[in-house]
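First the proteins, then the strands, lettered A, B, ... as listed; each starts at 1. Here the structure is a predicted model, which means the values were calculated and not measured.
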Amino acid sequence: MPSAKTWKSLGQSQPWTGNPSLHGKRMLARHFPLNHRIFSRSTGSTIRHLSSQASSNVFKSKHNQEIVDLLLTYKEEEERSDEPNYYRAQAFAKAVYAVLKVDRPIRTGLDLREVQGVGPGIVTKINAHLLASDADLRDKGCATTLFLARVSLTGLLDPESYKLLMDHRTVSELDKIPGIGPVTAKKLAEAGCQCLEDLKSGRFVHLLKGKQGIKLKYAGHLECAIRRNEAEEVLHFCRESLGPEYDVNLVGEYRRGFVSLSEIRMMISHPDFVHIPLPHKPVQQPTASVAKKPRTTRKSKEGKTNLLHSDIVPLLLQRGLLADTLSVDTTSWKGVARLPGPVEVWGDRVDRISSIGKVDGDFRKISLHLVPQRSQGSSMIVLTGDDHFVQDICYRAQQRGMLFNEYGLWKWTVPSPISTPEMEPSSSSSLPAPSDPTTDTGYWSLINSTTESDIFQELEMPFVDPTKRNFSFISYRTKTTSKKKRSILP
DNA sequence: ATTAAACA
DNA sequence: CACTGTTTAATA
């Protein structure tokens with residue numbers, strides 16, 4: 001039954017079903033069922049059995065049947081899983097077609113690296129299969145004369161392929177480590193680094209740069225999902241540490257109601273931090289939006305320090321919450337925090353710091369954002385997300401001749417009362433824009449937007465609950481509000 | 001899972 | 001500023 005399902009679903013869901021060459025193959029399969037495969041498989045494990053049946057119907061490869069079968073197995077496995085990923089299943093199907101086009105024996109997955117439709121994932125899977133199969137046969141002492149016949153087809157590997165596969169395996173192992181991609185992994189492997197432990201030993205630190213080293217230090221921690229209560233505990237810790245003048249809140253995924261978070265994101269404001277920079281350029285027209293970024297030299301701005309870098313971060317470091325820095329910006333800090341747990345187990349500051357030194361405990365990604373008090377509403381929207389939703393807000397503002405950013409909602413105003421020439425009547429916006437933002441003779445001024453509600457109101461939209469701020473909300477809006485154009489930028 | 005494009 | 005590498009979004 002599963003076999004039928006496999007080829008059936010594959011055939012039905014594919015536009016290539018009518019491919020005449022496939023009909024030919026199907027006929028062929030009927031006349032010569034499985035015969036050349038009799039010796040090509042070792043112990044008939046269940047999956048292999050099923051998959052070979054499946055493939056015997058349609059997908060027949062002269063040299064690479066084993067790989068085709070393997071891919072079909074993966075496809076089926078994906079389809080039968082609890083939460084099937086259509087695209088992943090499809091990717092396996094695509095790979096099958098790609099392999100069918102290869103008219104020579106494939107020794108290792110590496111032979112497929114240039115083939116369109118076969119990516120690094122499948123290459124790795126094929127190699128893993130070959131290695132496992134190889135080990136399996138050796139264990140069983142099956143390298144006897146009977147099996148030697150099929151060595152050239154599949155099964156036992158020649159020494160050269162074996163080494164290639166082992167090397168490739170270490171590379172893809174290292175590739176899994178966050179912050180390390182295929183290139184770095186290759187460098188490391190060439191230097192003799194074989195696994196995570198080797199890398200942690202520190203012998204290869206010189207090959208890593210920037211964030212890579214830090215991410216490595218917390219490998220196994222940073223990719224862990226964060227529970228809501230863990231974020232709340234960090235929040236509590238921060239509030240206790242920073243004192244009453246600070247306003248600290250959890251934003252991002254937490255505020256959107258996610259059960260588990262990929263990072264802890266906090267918005268902080270303080271009465272002393274009030275600087276709101278003006279938007280640089282008068283306009284960002286969708287057409288020529290590739291505008292060059294303003295020539296503001298980065299140093300002049302970053303030279304200035306603010307509460308975040310002078311007070312907040314140093315304090316939380318001293319208190320044994322923050323462990324390492326990943327990146328800094330003028331108003332934000334991203335890094336690693338050690339989860340303090342509930343108050344009862346916070347323990348002593350010194351102990352926490354020594355734990356951090358030993359990488360003892362649970363470490364998670366965290367980002368801190370210092371926002372001006374008057375911009376709390378807009379910053380809240382931006383930092384809560386998600387990106388689609390914020391983009392939509394920006395677009396709505398633009399439609400009304402306004403500008404939205406993390407500092408607020410801005411209106412273009414011209415000093416002189418002289419009307420600007422009508423250049424381009426903004427498409428669907430029936431509202432009279434205060435003035436034309438394309439003129440050079442004006443400036444952005446902030447409209448009251450201290451709370452989220454202010455902004456929603458100004459943009460003529462209902463308050464959107466944080467948990468609804470995602471793509472589905474936007475598509476709902478676009479479908480139901482017929483007059484408005486798509487709210488998402490193309 | 002793959003790919004192309006965006007991002008650092 | 002180009003280059004390299006990493007992350008993200010789309011895919012039917």
Practice problem: Classify the side chain of Tyr87(A) and the base of dA12(C) as holding, or not holding, a donor-acceptor pair under 3.5 Å. | Solution: yes

Practice problem: Hey, could you give me the CZ/CD1 distance between Arg265(A) and Ile226(A), rounded to the nearest 0.5 Å? | Solution: 11.5 Å

Report the distance from atom [atom1] of [X] to atom [atom2] of [N], rounded to the nearest whole Å.
| X | N | atom1 | atom2 | answer |
| --- | --- | --- | --- | --- |
| Lys187(A) | dG5(C) | NZ | C1' | 9 Å |
| Glu114(A) | dT2(B) | CD | P | 14 Å |
| Leu112(A) | dT2(B) | CG | P | 11 Å |
| Glu83(A) | dA1(B) | CD | P | 15 Å |
| Leu174(A) | dG5(C) | CG | C1' | 16 Å |
| Ile126(A) | dT2(B) | CD1 | P | 9 Å |
| Lys334(A) | dA8(B) | NZ | C1' | 11 Å |
| Asn85(A) | dT2(B) | CG | P | 12 Å |

Exercise. Look at Lys186(A) together with Glu190(A) and state whether they make a salt bridge at an N to O cut-off of under 4.0 Å.
Key: no

Self-check item: Short side-chain N/O contact to dT3(B) OP1/OP2 from Gln116(A), under 4.0 Å
Solution: yes

Quiz item: Is there a side-chain polar atom (N or O) of Lys215(A) under 4.0 Å from OP1 or OP2 of dT7(C)?
Solution: yes

Self-check item: Residue Phe92(A), side-chain heavy atoms: nucleotide from dA1(B), dT2(B), dG5(C) that is nearest
Solution: dA1(B)

Exercise. Compare all side-chain heavy atoms of His369(A) with those of Ser379(A) and state whether any distance is below 4.5 angstrom.
Key: no

Quiz item: More than 12 foreign heavy atoms under 6.0 Å from CZ of Phe456(A): is that the case here?
Solution: yes

Self-check item: Arg255(A), CZ atom: more than 12 neighbouring heavy atoms under 6.0 Å
Solution: yes

Exercise. Name the nucleic acid region contacted by Lys125(A), choosing base, sugar-phosphate or nothing; use a 4.0 angstrom heavy-atom cut-off, strictly under.
Key: sugar-phosphate

Exercise. Go through residues 255-263 of chain A and report each residue with a non-hydrogen atom lying under 4.0 Å from DNA chain B, sorted by number.
Key: none

Quiz item: Think Arg228(A) forms a cation-pi with Phe258(A), using NZ or CZ under 6.0 Å from the six-ring centre and within 45 degrees of its axis?
Solution: no

Quiz item: Relative to Phe463(A), does Arg469(A) satisfy both conditions: NZ or CZ under 6.0 angstrom from the six-membered ring centre, and within 45 degrees of the ring's axis?
Solution: yes

